[in-house]
Amino acid sequence: MMIDLRSDTVTRPTPEMRAAIANAEVGDDVYQEDPTVNRLEQRAAEILGKEAALFVPTGTMGNTIGITVHTQHGQEVICESRAHILNWELAMMAWFAGCVARPIHAPDGVLRWDQIQPEVRMPGPHWAPTGLIEIENTHNMAGGVATPIDVVNEICDQAHERGIPVHMDGARIFNAAVALGCTARDIAAKVDTVQFCLSKGLGAPAGSMLVGTREAMDKGRLYRKRLGGGMRQAGILAAAGLIALEKMPARLGEDHANARLLAEGLAAIPGITIDLNSVQTNIVIFEIGGTGLTAPEFVARMKERGVNCGAAYTGRVRFVTHFDVTREQCQTALEAVEEVVSLVKQ
Ligand SMILES: *Cc1c(COP(=O)(O)O)cnc(C)c1O
């Protein structure tokens, strides 16, 4: 069996989820008559402390709808330069929402108001005004770092003072909550909309939630239909989503401990550079330049040894821990790295 550290999206539904799927009560969700979807939306809203929620097939759709409900064509969306919405969503913010990104580089992956403030544009004769500020929490490509609540709140307060809404790509907001020692609701308190994934560390087979005001969700429902996300007996998926939401956040700390184990092991291997401060959750990004291998070469050699992982930017590799990899498998993966690296040196 391959040890799969490519992503937490590879997690398969638990036996309890499969049983819930088999027994799910369903209806037509385009008519809002699927009781299981309705229950999932209600629970997601309650848990995140918002008025309403919308069940969407993917995180990309959740972000696209979140961006679209807040903005108008020809506006700018401020985000961190490695943001998922900018780099990994096929430019949907341009293609569908009609906006351009105003990326700002935050070396530690935590975008702060003092960096955002000079980039905020009010309407003028030459430039696109800022329509939205986006925060990715945790920040995937920055190594899964969590943005602290006071940083989120300052951005929200300052943005709202200027009439600018804030969307959070909280694909892994429950990992952020574990790292910060708070609830997802605390993190989301001042944010206008949040997208989070059921299909990653929470283990559901598919689905994401968008949460926010009732008005935003009613508007978002129409965009979901336009995007082809108006599913019918979606309670089949929502049944697994409910278990993901209620039961799985409590075990994410195990994934974080495994990521720490990997990170500390990697730090001791010659030729590998890793910023241990960036390893706060279940993502481990490290540089392999000193090993004499390119990232694709490293990934290929790991695969020959039974470990799947992915290249993240030039010279960098990403490991993601999740409930389908055990601590022992992480140890085995470390041994594979040691072997791959030592064989280059000869
Ligand atoms: C995975 C992810 C998404 C959504 O991805 P989908 O594959 O569309 O579900 C959004 N943002 C971040 C940061 C992610 O890691």
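Counting starts at 1 for both ligands and their atoms, in listed order.
- Listed by atom number, the atoms of ligand 1 under 4.0 Å from Glu89 heavy atoms are 10 (C).
- Of the N and O atoms on the side chains of Arg327 and Gln331, not one donor lies less than 3.5 Å from an acceptor on the other residue.
- Nearest non-hydrogen protein atom to atom 3 (C) of ligand 1 is Lys200 NZ, 3.2 Å.
- Where the criterion is an N or O separation shorter than 3.5 Å, residue side chain and backbone included, Asn140 meets it with respect to ligand 1.
- Side-chain polar atoms of His322 and Asp4 form no donor-acceptor pair below 3.5 angstrom.
- Proximity of Met141 to ligand 1 is not established, as no heavy-atom distance is less than 4.0 Å.
- Within the model, atoms CZ of Phe319 and CG of Asn308 stand 10.5 Å from one another, a figure rounded to the nearest 0.5 Å.
- The closest side-chain heavy-atom distance from Thr130 to Arg102 is not below 4.5 Å.
- Note: no N/O pair closer than 3.5 Å links Gln195 and ligand 1 by distance alone.
- Not one N or O of Glu136 is nearer than 3.5 Å to an N or O of ligand 1, by distance alone.
- Val69 shares a hydrophobic cluster with Leu54, Val56, Met61, Ile65, Met92, Trp95, Phe96, Leu210, Met217, Tyr223, Leu227; the chain of contacts runs through ILVMFWY side chains whose heavy atoms sit under 4.5 Å apart.
- Nearest protein neighbour of atom 11 (N) of ligand 1, counting heavy atoms only, is Asp169 OD2, 2.6 Å.
- Checked by atom type, the side-chain pair Gln42/Glu46 shows a donor-acceptor distance below 3.5 Å.
- Contacts of His139 with ligand 1, taken as heavy-atom pairs under 4.0 Å, are absent altogether.
- Between Thr60 and ligand 1, at least one pair of N/O atoms sits closer than 3.5 Å.
- Salt bridge status for Glu297 with Arg301: absent, with no side-chain N to carboxylate O gap under 4.0 Å.
- Checked against side-chain contact (heavy atoms from CB on, under 4.5 Å), Ala267 has the following partners two or more places apart in sequence or in another chain: Ile274, Leu276.
- Of the candidates Gly59, Cys197, Gly207, the one placing a heavy atom closest to atom 9 (O) of ligand 1 is Gly59.
- Defined by atom type and a distance below 3.5 Å, a donor-acceptor pair is present between the side-chain atoms of His84 and Glu89.
- Between Arg172 and ligand 1, an N or O atom pair is found at a separation short of 3.5 Å.
- For ligand 1, the atoms lying closer than 4.0 Å to a non-hydrogen atom of Thr58 are 8 (O), 9 (O).
- The ligand atoms of ligand 1 that sit less than 4.0 angstrom from a heavy atom of Asn63 are 10 (C), 11 (N).
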